[in-house]
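Single-structure report; data block below.
Numbered from 1 within each chain, the chains take letters A, B, ... in sequence-line order. Both backbone and side-chain heavy atoms feed into the values below; hydrogens, waters and symmetry mates do not.
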Amino acid sequence: MGISLEKVSYVYEQGTAMQTSALQEVDLEIPDNQFIGLIGHTGSGKSTLVQLLNGLLRPTSGRVLYNGKDIHADGFDKKALRANVGLVFQYPEHQLFEVDVLSDVMYGPRNLGLDEAACKKRAKEALANVGIKEKYFKTSPFDLSGGQKRRAAIAGVLAMNPRILILDEPTAGLDPRGRDEILGLISEMKKNLSMTIILVSHSMDDVARYVERIVVMGHGRKIYDDTPKNVFRHYRELENLGLSAPQITYIMNTLRESGMDVETDALTVEEAAAEIMRKLK
Amino acid sequence: MIKISKLIHDYIQRDEEGNPSGTIRAIDDVSLDVSPGQFIAILGHNGSGKSTLAKHLNALLFPTEGAVWVNGMDSRDQSLLWDIRQTAGMVFQNPDNQIIGQVVEEDVGFGPENMGVPTEKIWQRVEESLKTVGMYEYRKKSPNRLSGGQKQRVSIAGVIAMHPKCIIMDEPTAMLDPSGRADVIKAARKLNLEENITIILITHYMEEAIQADRVFVMDNGKIAMQGSPREVFSQVERMQELHLDVPQVTLLGHLLRKKGLEIPEGILTREELSDVLKKLKKGNRQ
Amino acid sequence: MFKDITLGQYYQTDSLLHRLDPRVKIVGTLAYIISLFVVDSFVGYLVCALFLFTMIGLSNVPVGYIVRGMRAILILLLITMAFNLFLTPGEVLVTIGFLKITKQGLSFAVKMAIRLSLLVIGSSLMTLTTTPNQLTDAIESLLNPLKRLRVPVHEIAMMMSIALRFIPILMEETDKIMKAQIARGADFESKNLIKKIKSLVPLLVPLFISAFRRANDLAMAMEARCYRGGAGRTKMKPLVYQGRDHGAYFILLAYFAVCIAIRLVPLPFLV
């Protein structure tokens, strides 16, 4: 179950002078109910990968399978796929358009052909899941604060009841408070709703403490696909990809290099503090 | 360079018919001084008033009460408007929405054109400015083909070409990826050190503020904290109250201190932390 | 998909056409457009096409790049053709149901298609080889006499230049919003016209909001860089005619004369 990519390549503007290869022979398994961080520098192919996952792009070669079925085969229901694989783009608040928050969130379910009552039910659930209170339901989405707008937009995708939810740079442009709120919200959603969440980011600090698996993209290829702790062991190689490990990894490595015998795989400041205390006793 | 005295700024709210229905106080009694050649960072979450403050320094907004002087020029004096804008240049957040030219060099020339600089001098300034930010080889390119960080450096060049004494950067890195952010900050530091241009950097990213000469933290339209980066970041709990980040190494030092280790507040680098811990370890053994 | 529209997008390279004074290119494009309506025979179109393709050759812009840009107006072209084909009265050639294709209609449709294609390629060649800033300067300079009549020439030129700069950005944005709404189950491919119009709302509302936000930002950025209208402004790239520009005007004149000659002088051995 889930999505699998088999040797997927993608070339932009094929056959022209501007031909650029965005993705090369990527194999990837995305099972149900996993929390995945997809990390890559701008131009690493991560945004292309994401659009391949829900059929917005068609691979130049290779296959994308959903529950074992080729999503580009004849007769495959793409609309159902897009409901199952929800994609929240960067700056999703830029897609809000309806007169009030509730109607905007109902847009997705309506497109699925559900009746009015069912749409409303789903929209209300989705809004509850992103922490938007009922008093805002009839407000214009454009009158919400920045962070609220983004949450309302996420609800718009959540209302499609996806099995897999992909969020492309959900914290882009937010201040520290907004960032912490959104990341907190996403990990809450992961706990409460049984679905796979893919968090796309170029910041290891954002994803390190939340996800159970990290996929690192670089130059159109999959470079690492492992647990956060294992991926961050390669912190020097990550730098060559224009990425960096979480700040805490650097701190622990500096301590170790200066002769302190600490484990370097702490993911949070709390873990690091505990490790240092253990070694100092 | 810049002097702000008891500045108050009220935004007028309007109802659906466009009639004034009330005011929002975005800046509430702010006073500060910036000396020439300083690198200043202003921190604060969205809605803290920091962007409004920035627009006062460039005479894009005018005081409701109080006053702003830029290089001795009072922003309330309309006749000085263009001199102020030329003295204090401004770089905005969204790289796409501040580039006017369709070719990099033409965009950099836009400011000098507006100032009435003679043609040959414009070319000189454009060349110098693009070289300063390391974008000279891109001078014939369309801005649409550049990355976010490159676009921001073009915007900075466009400001430098006006030969300002001070540049205000309003979250110039908020929409960039890590390498673009690093490039923009590097360019800003270079201007400060080599050209002696006063920089006022407004940001959410505390790692960009660490190297500043002085940090101001804004909250609710007021200056909540100010001081050297070490003085500000050593107040970990106060920063967290204001929903701002502190460097993780500072946070780690703070946590260890709370656990009973003798670690000073305000550790800013990994090396400092490792030195302190080494000393502690030695002390333990003895 | 919108990235394919090359109409109006400056193509960066170095060529004789790129270096020509933009005023020559504007006047030339106007003359060329008029010439398309002056000539009214296939020989005439051949001359126009020859002229155009010589210019494309001089421009160093790949022909494929220009032709791909044409895809954007293909539908418009087909509709115009169909109208001419079926709605021109005359000698009936073929009847399909209630539709009649006449000899005159056929000739009209073909001519119209050629004319329209040549027109679009010709005018896009101008924007492909001229930066919007140059265009603005040229329009400003050509319209300068109108300033005496209190026409805000500089402002008009500036507005055009900004519009051109933001076309590619807004197109990319349209593409993004479209994809985002498709991810929410939107159907932009519906055959039903009412549904199709309805489906545009989720696309157009965000697009307008974004355009207004950008306009606001840009206005502020321009003010911050001391923009205060045309008065007292100097030019980084002032327009000065060179030898080649005079040459170009001469060639243009000769071309135009040939087109008029083709129209006036009867050529009995051709259609």
Name every donor-acceptor pair, under 3.5 Å, that has one atom in a side chain of residues 205-220 of chain C and the other anywhere in the protein, sequence neighbours excluded.
from: C:S210; atom 1: OG; to: C:E173; atom 2: OE1; distance (Å): 2.9
from: C:S210; atom 1: OG; to: C:E173; atom 2: OE2; distance (Å): 3.1
from: C:R214; atom 1: NE; to: C:E173; atom 2: OE1; distance (Å): 3.1
from: C:R214; atom 1: NH1; to: B:N97; atom 2: OD1; distance (Å): 2.6
from: C:R214; atom 1: NH2; to: C:E173; atom 2: OE1; distance (Å): 2.7
from: C:D217; atom 1: OD2; to: B:N97; atom 2: ND2; distance (Å): 3.1

Who in residues 156-172 of chain B is close to chain C, using a strict under-4.5 Å heavy-atom cut-off?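 Only B:G158, B:M162 of residues 156-172 of chain B have a heavy atom under 4.5 Å from chain C.
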
How close do [X] and [Y] get, heavy atom to heavy atom, and via which atoms?
X: C:A221; Y: B:F92; result: CA-CE1, 3.6 Å
X: C:F166; Y: B:D96; result: CZ-O, 3.8 Å
X: B:K141; Y: C:Q12; result: CA-OE1, 3.7 Å

Hey, what do you get for [atom1] ([X]) to [atom2] ([Y]), rounding to the nearest 0.5 Å?
X: B:R125; Y: C:M236; atom1: CZ; atom2: CE; result: 12.0 Å
X: C:I162; Y: B:I100; atom1: CD1; atom2: CD1; result: 7.0 Å
X: B:E113; Y: C:C226; atom1: CD; atom2: SG; result: 13.0 Å
X: C:L135; Y: B:Q102; atom1: CG; atom2: CD; result: 10.0 Å
X: C:T234; Y: B:K121; atom1: OG1; atom2: NZ; result: 11.5 Å

Mark yes when over 12 heavy atoms from residues, nucleotides or ligands other than [X] sit less than 6.0 Å from its [atom1]; otherwise mark no.
X: C:I75; atom1: CD1; answer: no
X: B:K190; atom1: NZ; answer: yes
X: C:L74; atom1: CG; answer: yes
X: B:K55; atom1: NZ; answer: yes

Show your working on side-chain contact (heavy atoms from CB on, under 4.5 Å) between B:Q98 and C:M222 and close with a plain yes or no. CA-CA 7 Å; B:Q98 56 184 316; C:M222 287 171 73; over 6 Å; no

Just give me the residue among B:V91, B:V126, B:V117 that pairs up with chain C most often, heavy atom to heavy atom, under 4.5 Å. B:V117

Who wins among B:V103, B:N144, B:I99 for the most heavy-atom pairs under 4.5 Å with chain C?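 Winner by heavy-atom pair count: B:I99.
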
With a 3.5 Å distance limit and no angle check, can you tell me whether B:T119 reaches the backbone of C:K235 through a side-chain donor-acceptor pair?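 Yes; judged by distance alone, with no hydrogens or angles, the pair exists.
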
Please flag which part of B:Q93 lies under 4.5 Å from any non-hydrogen atom of chain C: side chain, backbone, both or neither.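 Contact with chain C involves no heavy atom of B:Q93 at all.
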
May I ask you to say whether C:R225 pairs ionically with B:D107, meaning some side-chain N is under 4.0 Å from a carboxylate O?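 Salt bridge: yes.
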
Kindly indicate whether the side chain of B:R85, heavy atoms from C-beta on, has any atom under 4.5 Å from the side chain of C:Y227.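 Side chain of B:R85 against side chain of C:Y227, heavy atoms only: no contact under 4.5 Å found.
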
With a 4.5 angstrom heavy-atom cut-off, is it the side chain or the backbone of C:E223 that approaches chain B, or both, or neither? both

